[in-house]
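Reviewing the structure listed below.
Chain letters run A, B, ... following the sequence lines, proteins first, then strands; residues in each count from 1.
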Amino acid sequence: MKVLKTVAFKTLGCRLNQFETDALVTGFHNAGYHVVEGDEKADVTVINTCTVTNQSDQKSRHTINHAAAKNRDGLVVVTGCMADNYKEKLEGQEQITYVVDNDRKSQIVELVNGHFTGEIIHPDKMMGDRFGFDTVQKSLHTRTSVKIQDGCDNFCTFCIIPSVRGRAVSRPVKDVLDNVRRVVDNGFKEVVITGVNIGRYDDEGLTFENVVEQVLELPGDFRVRISSLEPDGFSEDFHQLFSHPKLAPHLHLCLQSGSGEILLKMRRMYSANYFMETVERFRKAIPDFNFTTDVIVGFPGETDDDFQKTVDFIREAKFSHVHTFRFSRRTGTRADRMKEQVSGKVMAERSEVIRKISEENRHAYMHSMQGKEQRVLIEKVAGGMASGYGEHYMPVAFAVEDPTTNRFEQVRLTGTTPSADPVMQGTLI
Amino acid sequence: MHTITDVDKYTVEDVRHVNDSTYVLQFSRGGMEFKPGQHLNLGTKGSGQHREYSIYSSPDNSSIEVLIKLVDDGVVSQQLRNVQPGDELSVKGPYGFFLTDAKPKKGEKLLFIASGTGIAPFHSFIMSYPEADYRLIHGIRNINEAYDREHYKADRYFACTSRGNKGDFNGRITDYLLSGQEKKADKVYLCGNSSMIYDAMDILRAQGYRHDQLFTEVYF
Ligand SMILES: Cc1cc2nc3c(=O)[nH]c(=O)nc-3n(C[C@H](O)[C@H](O)[C@H](O)COP(=O)(O)OP(=O)(O)OC[C@H]3O[C@@H](n4cnc5c(N)ncnc54)[C@H](O)[C@@H]3O)c2cc1C
């Protein structure tokens with residue numbers, strides 16, 4: 001019997017990276033490899049790195065060293081943003097077999113296959129294709145991402161991504177639609193539209209909203225979720241799309257700061273007022289629309305007053321979850337060169353304040369949802385209890401008899417578990 | 001696809017001092033295509049240090065110009081001052097969306113508000129579209145910072161000087177805007193330091209401008 005070659009994955013950083021790893025897992029699986037846990041010894045180890053902060057660099061480096069030490073006889077493939085940012089340095093390390101940039105990440109399976117069949121090529125000789133990933137297998141998750149865009153041209157002062165992920169590029173609408181059709185045919189019930197800055201989607205004049213609209217018109221029993229989005233990435237009519245039953249009424253809309261001055265120093269492309277007007281417009285049309293967000297605390301020059309504006313904003317906008325990042329200096333960015341850096345102690349205090357408000361907001365939002373119906377996509381069933389997410393992106397648990405997962409159930413929300421990470425309870429309708 | 005590379009060779013052609021702390025750096029264009037308002041990432045070859053600079057010249061010119069103010073203890077603004085004709089530069093870009101939607105439409109009034117070298121993208125735009133119906137309000141300290149003022153039509157360029165009394169308005173841009181003397185425009189573009197932009201936006205919003213009429217490019 002032929003022994004299958006093994007492959008292990010280590011993924012750092014963002015959701016896009018996670019999606020790209022999932023696609024590579026599928027690609028290796030389809031090519032006849034046996035996928036093992038990330039920490040296991042394997043014939044091939046793929047490390048999908050991140051470089052967004054100095055700490056991400058450190059973590060990525062550590063992960064590479066650890067994996068290489070463990071797999072001295074195996075192939076070590078390093079890809080992701082660190083591979084773009086420090087290509088030459090990484091190529092000089094003997095422990096790494098291949099350094100593959102983001103452009104060619106989708107071709108890693110061919111590269112590795114070639115290696116084992118004696119067709120050794122330098123990754124740079126392969127054609128770049130940011131969207132050439134395999135369609136993710138249903139066995140991995142109940143929801144899958146479809147990548148519509150890569151890169152970013154915004155140049156926020158805290159972010160290194162534009163210089164590593166490169167210029168914004170959009171996947172042709174036709175390919176996006178084909179991809180969605182394929183994942184729906186594969187049995188996925190939830191499709192997450194993803195990319196680095198999806199609001200900047202532009203396929204020969206077709207905008208982000210146009211592509212979402214076309215995806216919604218595809219046949220099949222599935223729903224569409226939009227991954228994180230910048231507030232300047234859509235028109236004033238965007239909320240109207242959410243009247244479509246397939247589009248989940250939830251947006252992760254990145255605020256970063258509630259202070260107009262800090263937003264300008266970050267070179268964000270919107271004002272706090274504009275953001276609030278957007279939230280209000282959505283809530284006027286869909287009162288229980290769920291907004292979540294990202295906030296950076298301790299950006300250089302952030303005064304108590306600026307921070308207070310962020311706090312007030314979060315309360316007023318009622319984000320049901322705030323992902324708080326302490327500002328982290330990233331070499332090579334403008335923010336790193338700014339004077340008035342905020343101390344770690346102040347950042348920790350501010351981050352704790354936001355964490356608490358986020359928790360309060362979450363409880364309040366869940367409370368407001370009680371008595372309402374949700375269409376829950378069941379991800380797991382254990383001990384007669386099903387769990388999954390409703391269309392508003394709240395976790396819901398409820399009793400079921402049928403243990404099948406990856407199906408929708410209509411549920412009435414009855415309460416919330418009292419914990420720091422609460423889950424809504426419900427009953428089948 | 002990935003265009004952040006130095007594919008073309010860019011060599012210094014001239015360094016022209018417009019006053020004792022500001023200069024125009026001119027270099028060869030290679031095959032670069034850009035739109036007025038876009039910026040480049042620029043540094044001396046081999047230094048590994050780059051900073052953003054708005055393109056000062058028009059896409060109609062065969063060379064590229066940038067307008068640079070020397071920043072005390074600044075790294076790149078100082079390095080670039082010392083380059084000589086023939087030296088190679090490291091150039092990446094062009095980037096950005098500022099002004100790229102501003103192509104003049106008939107009957108559309110544009111208000112440009114700049115502090116210091118924030119005038120650069122407007123210069124590029126105005127040199128490209130001299131027929132545009134614009135007003136350019138330039139916030140500077142002294143009148144010697146009214147860089148290349150003769151490039152603009154006299155009734156369209158307006159200097160607000162925070163020091164001295166030789167400006168068209170003696171005071172800050174924000175004081176001028178508050179005075180309510182400026183006629184209403186259809187779109188307002190602001191470029192330069194963030195605190196000027198922040199204060200000016202507040203005033204403009206209070207004067208009835210909608211957010212979709214205001215566009216910003218922050219330098220620092
Ligand atoms: C999109 C964009 C376009 C720009 N276009 C231009 C341009 O056309 N002309 C131009 O002169 N500059 C422009 N800048 C600013 C430029 O990129 C550099 O920041 C500036 O030249 C200082 O760089 P440095 O290496 O000399 O100073 P650094 O070593 O980076 O130190 C800069 C420090 O000085 C402070 N500072 C004080 N005055 C200034 C100032 N006037 N500008 C920047 N930082 C200042 C900063 O806050 C920072 O802490 C632009 C910036 C951006 C983001």
Side-chain angles (χ1 to χ4, degrees), chain A residues 84-85 87 101-104 124 127-131 150-157 160-171 200 202 231-232 235-236 259-278 300-301 306 331-335 337-339, chain B residues 1-6 34-35 37-41 43 47-54 71-77 90 92-98 100-101 115 118 190-206 209-220:
Chain A
D84 280 37
N85 209 13
K87 195 155 186 253
D101 58 20
N102 279 317
D103 272 351
R104 297 168 179 85
D124 285 358
M127 283 276 286
D129 184 357
R130 294 245 166 180
F131 306 109
D150 202 334
C152 183
D153 295 327
N154 269 12
F155 290 91
C156 297
T157 52
I160 191 86
I161 293 307
S163 31
V164 287
R165 276 259 172 194
R167 311 299 296 267
V169 281
S170 300
R171 187 178 189 186
R200 286 268 182 224
D202 179 2
D232 63 328
S235 75
E236 295 204 349
S259 152
E261 270 172 282
I262 295 295
L263 287 174
L264 281 175
K265 284 189 181 156
M266 290 175 167
R267 274 176 63 80
R268 302 288 289 171
M269 303 286 179
Y270 53 88
S271 66
N273 284 341
Y274 178 66
F275 195 115
M276 192 57 87
E277 283 165 21
T278 305
D306 291 317
T331 314
T333 60
R334 295 189 79 80
R337 297 194 295 271
M338 287 181 185
K339 294 168 187 134
Chain B
M1 204 160 7
H2 199 143
T3 49
I4 305 187
T5 45
D6 306 59
F34 67 92
K35 292 183 183 156
Q38 289 196 293
H39 66 268
L40 303 171
N41 250 359
S47 70
Q49 297 273 6
H50 294 86
R51 299 288 185 267
E52 297 87 343
Y53 293 99
S54 300
V71 170
D72 289 342
D73 304 325
V75 177
V76 176
S77 62
S90 170
K92 302 173 188 185
Y95 303 113
F97 307 96
F98 188 61
T100 52
D101 64 337
S115 65
L190 303 102
C191 180
N193 76 70
S194 55
S195 53
M196 179 284 285
I197 294 180
Y198 182 73
D199 293 342
M201 294 258 284
D202 253 8
I203 298 168
L204 294 165
R205 286 296 300 246
Y209 281 100
R210 298 184 314 270
H211 67 79
D212 62 346
Q213 294 176 288
L214 306 176
F215 305 87
T216 61
E217 180 77 305
V218 172
Y219 278 8
F220 67 101

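- Heavy atoms of B:Gln49 lying under 4.5 Å from chain A are absent altogether.
- Open room surrounds CG on B:Asp73; 12 or fewer heavy atoms of other groups in view lie less than 6.0 Å from it.
- One finds no salt bridge joining A:Glu236 and B:Arg210 here, because no Lys/Arg side-chain nitrogen approaches an Asp/Glu carboxylate oxygen to under 4.0 Å.
- Remark: side-chain polar atoms of A:Arg334 are paired, donor with acceptor, to backbone N or O of B:Tyr219 under 3.5 angstrom.
- Summarising the geometry of B:Phe97 relative to A:Asn154, their closest heavy-atom pair is CE1-OD1, 4.0 Å, with the distance given to 0.1 Å.
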Exercise. Might you work through the side chain to side chain contact (heavy atoms under 4.5 Å, CB included) test for B:Glu52 and A:Arg267, ending with a clear yes or no?
Key: CA-CA 13 Å; B:Glu52 297 87 343; A:Arg267 274 176 63 80; 5.8 Å; no
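- The CG atom of A:Asp232 sits 13.0 Å away from atom CG of B:Asp212, with the distance rounded to the nearest 0.5 Å.
- Atom CZ of A:Arg268 is separated from atom OG1 of B:Thr216 by 12.0 Å, given to the nearest 0.5 angstrom.
- The OH atom of A:Tyr274 sits 12.0 Å away from atom CG of B:Leu214, with the distance rounded to the nearest 0.5 Å.
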Quiz item: Would A:Arg167 and B:Tyr95 count as a side chain to side chain contact (heavy atoms under 4.5 Å, CB included) if you check the C-alpha gap in whole Å, the side-chain angles of each, and the deciding distance to 0.1 Å?
Solution: CA-CA 9 Å; A:Arg167 311 299 296 267; B:Tyr95 303 113; 3.6 Å; yes
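- Between atom OG1 of residue A:Thr157 and atom CZ of residue B:Phe220 there is a gap of 13.0 Å, rounded to the nearest 0.5 Å.
- Residue B:Asp199 holds its CG atom at 6.5 Å from CD of A:Glu261, rounded to the nearest 0.5 Å.
- Note: B:His211 NE2 to A:Phe275 CZ = 13.0 Å, rounded to the nearest 0.5 Å.
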